[in-house]
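Heads up: the structure comes next, in C-alpha cells.
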Amino acid sequence: MRLLDLSRVSVVALRVVRQLKRDRRTIGLITFAPILLMILFGYALSGEMSGVSLGLVDYGGHAVLKSHLEGIKDFNILYLGSESDAEKQVYEGRLNGAVILRPGEVRVLLDATSLQISNAIQAAVEAGASGERASFQKGPENIVVMRYIFGYDLEMMDTVGPAILGLVVFFFTFINAAISFIRERSQGTLEKFMVSPLSRVEMVSGYVLGFSLFTLLQSTTTLLVVTIGFGVPMRGNPLTALAVVLLLGAGALVLGSFFSNFARSEFQVVQFIPLIITPQIVLCGVWWPLQSVPEFIRPISYILPLTYASDALRAVMLKGASITDILYPDLLALSTFFLFFFVAATLMLRREVA
Amino acid sequence: MAGNGDEPAVSARGLSKSFGRLRALNDLSVDIPRGVTYCLLGPNGSGKTTFIRAIVGLLSLDGGDLRVLGEPVARVKEIYSRIGYMTQHKALYPDLTLQENMEFFAGLYGIERSESWRRITRLLEMVNLQEHRNRLAGDLSGGMYQRLSLACTLIHEPELLLLDEPTVGIDPRLRQTFWEYFDLLTRQGKTVLITTHLMDEAEKCKIVGYMRSGKMAAVGSPEEIKRLAGLRPCLELWLKELEKDAAQLRAEGYELQICKGVVQLRLESPEQIKRVLAEVTPLDMRLKEPTLEEAFLRLSEAS
Ligand SMILES: Nc1ncnc2c1ncn2[C@@H]1O[C@H](COP(=O)(O)OP(=O)(O)O)[C@@H](O)[C@H]1O
Ligand SMILES: [Mg+2]
C-alpha cells in the first residue's frame with residue numbers, strides 16, 4: 001500500500017534536480033566532457049585514417065590484378081589471412097573495402113556507407129580484372145562478385161561518438177549517485193528518511209527520476225555536440241537514442257547507489273573508478289572490437305552495460321536501427337542490469353544502520 | 001487508527017540491546033505518558049540515542065517489549081507520519097535553501113503546497129530564521145543549523161516528538177522560546193521526548209528519566225527526584241560573627257557547613273527558618289533549592 005506513492009517519488013526527484021542544478025562543476029562536466037573526449041578520442045584516432053585502406057586476402061590466382069591494386073598510390077593495402085577477418089574489419093570501419101582473390105573468383109567487399117570510396121575500389125578492381133583478361137588470351141572465367149557491407153563510416157569519430165555519449169552519462173551518473181547516497185548516510189538524512197512515510201523503493205525511484213531528467217538534458221547536449229559539432233550521423237530516431245541513454249543512466253544510478261554502501265567517504269568513491277569505469281571503457285568494444293578481446297575476458301564485456309549501450313547507440317545513430325531492432329540483446333540486457341541493481345540498491349538501504 | 005489513546009506514548013519493558021560486548025540498553029523499562037515533556041537525561045554513552053532509535057524502529061532489539069503510540073514497535077513504520085524524529089546528527093541538505101529543505105520534508109509527509117508554505121513561515125519565525133529563508137542551509141552557523149533541523153522535524157505536526165539533544169549550541173533566550181513552544185505542543189496533547197546531558201534543561205521538563213548504563217536509574221518530576229535523592233533546600237546565611245554563630249547553630253543540632261564565609265544550612269522543613277532566625281541575626285540570607293545536578297550526583301554516589 002505504501003510501496004510507491006508518485007507524489008513522494010517526485011518530491012525526492014525535485015530535490016535531486018535542485019541539488020544537481022546548484023552544482024556548477026557537474027554542469028560544466030556535462031557540457032564539456034563530451035566535447036573534450038570527442039576531440040581526444042575522435043581526432044586522435046581518426047588521424048591515421050587518410051587515404052583508402054583496402055584489405056587484400058590472397059588465396060592465389062590473380063597476380064596481375066593483385067599487382068595492379070598494389071600499384072595504386074591512394075590505396076593502403078592491408079594483407080589479411082581470411083575472408084571473415086576482412087569482412088569484420090570492413091564492418092568495423094577499419095577498412096573501406098576488401099578484395100578476396102580466389103582462383104576463378106574475385107570477391108569485393110565494399111562499405112556501403114561511403115559511396116565515393118567504394119566506387120573507387122570497384123573501378124580499380126574492374127580495371128585490374130580487365131588487364132588480367134588482356135594478358136591471358138584464354139580469358140579465364142573470372143567472376144567478380146561485389147558485396148556491400150553496411151559498415152560504419154570511415155571516420156573514427158563516428159564510431160566513437162555514440163560510445164562517448166554513453167560513457168559520459170554512465171560515468172557522471174555513477175559517481176554522482178554514489179556520492180549522493182554516501183552524503184545521505186553521513187549527513188543523517190538517510191536515517192530521517194527511514195523514519196518518514198517514504199519507502200526505500202520510492203527513494204531510489206525518486207533518484208532515478210531526478211537523475212533521468214538530468215541525463216535527458218545532458219544527453220541532448222551531448223547528442224547535439226556529437227552530431228552537429230562533429231558531424232556524426234543520426235540516421236535513426238534521436239528519441240530512440242535518448243531512450244537507450246536514459247536506460248543506461250538509470251542503470252548507472254542504481255549501480256552507484258549499490259556501491260555507495262561499500263565506501264565510507266566521498267573520497268573512497270574515487271577508488272571505484274578503476275574498478276567500475278575503466279573496464280567498461282576498455283571492454284565495451286568501441287576502441288577495438290570485442291572479437292579482439294581475449295576470449296577469457298570476453299564474458300566480462302558481456303555483463304557490462306556500456307557494451308550494450310554503445311552497441312545500441314551505434315546501431316541507432318549509424319545504421320538507423322529502430323527500437324525493435326535493438327530490443328534484443330541491447331535493451332534487454334540494459335533493462336536486466338537496471339532491474340537487478342535496483343533491487344540490490346533497495347535492499348542495501350537497510351533500516352538498521354547498526 | 002488502532003491503538004488505545006490512554007496508553008502511554010511510549011511504553012518500554014525490559015529492553016536490551018548489545019553492540020558486541022557493550023550493553024547499550026540493559027533491561028530498560030519506562031513509560032512515557034502522553035501530553036508531557038519528558039526528558040531523557042544521562043551522561044554521554046548512557047544509551048539515550050540508542051533508546052530513541054529503538055523507538056523509531058531503526059534498531060532491532062535483542063529483547064523486551066516496546067510499544068509506541070499504542071502500536072508494537074514492529075509496526076511503527078505505519079505510524080511514521082505521527083512521529084517526528086530529530087536526529088542527534090542534524091539531518092539537512094546543506095546545498096538546499098532553508099525553504100527548500102523544509103519544502104522537501106513537508107513533501108515527504110504529503111503536505112500540500114499552500115499549507116506547507118504557511119507552516120514553513122510559522123516555524124521559521126519560531127526558530128527565528130525567517131530572514132534567512134532563501135539562504136543555503138550550508139551557510140548557516142551551527143546553532144542556526146540546529147534550529148532549522150528542529151523546524152524540519154516539526155513540519156508535519158507530529159503527535160510524538162523525539163528530539164535528540166535539540167538545544168546543543170543554542171543561546172539561552174532562544175532556548176526559552178523552544179521550551180515555550182514545547183509547552184504549547186503538550187497543551188495540544190502532543191508528547192515531547194527530549195534527550196540532554198544538561199541538567200538545567202531537565203529542570204524544565206515535567207518528567208525526568210535519568211539514564212545510566214542503559215537503564216533508568218531514576219524517574220520522576222524534578223522535585224520528586226530531588227526528594228528521592230534525599231535533598232533538602234539549603235539556607236545560606238551571611239553572618240557578622242561567623243565562627244561564634246556557626247558554633248551556636250551547631251550546638252542547637254543543625255547540620256551545616258561553611259563555604260567561602262557563608263554558612264550553608266540544610267533545612268528539614270520551612271518552619272525551621274524562624275527558629276534559626278531566633279538564634280542568630282544574619283546580615284543577609286538566601287534560600288537555595290537543591291539542583292537536579294546535586295540530586296543525580298547523590299543518586300549516582302548511592303548506587
Ligand atoms: N551502532 C553502534 N555500534 C556500536 N556501538 C554503538 C552503536 N550505537 C551506540 N553504540 C554504543 O552504545 C552506547 C550508547 O550510545 P548512545 O545511545 O549513543 O549514548 P548517548 O546518546 O546516551 O550518548 C555507547 O557506548 C555507544 O558507543
Ligand atoms: Mg546521543
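Note on naming: letters A, B, ... go to the chains in the order of the sequence lines (proteins, then strands), and numbering restarts at 1 for each one.
Taking the charged nitrogens against the carboxylate oxygens, A:E191 and A:R185 have no contact shorter than 4.0 Å, which rules out a salt bridge. Ion pairing between B:D27 and B:R13 fails under the 4.0 Å rule for side-chain N and carboxylate O.
There is no contact between B:T50 and chain A, counting heavy-atom distances below 4.5 Å. In this structure, chain B has no heavy atom under 4.5 Å from any part of A:S7. Residue contact with chain B, scored on non-hydrogen atoms closer than 4.5 Å, involves the backbone of A:S186 exclusively.
Under the 6.0 Å cut-off for aromatic ring centres, A:Y207 and A:F181 qualify, their centroids lying closer than that. Between B:Y109 and B:F104, the distance separating the two ring centers is not shorter than 6.0 angstrom.
A cation-pi arrangement is not found for A:K192 relative to B:Y85, the charged atom failing to lie both closer than 6.0 Å to the ring centre and inside a 45° cone about the ring normal.
When B:N101, B:I83, B:L92 are compared by the number of non-hydrogen pairs under 4.5 Å with chain A, B:L92 comes out ahead. Annotation: maximal heavy-atom pairing with chain A below 4.5 Å, among B:T97, B:V56, B:L96, occurs at B:L96.
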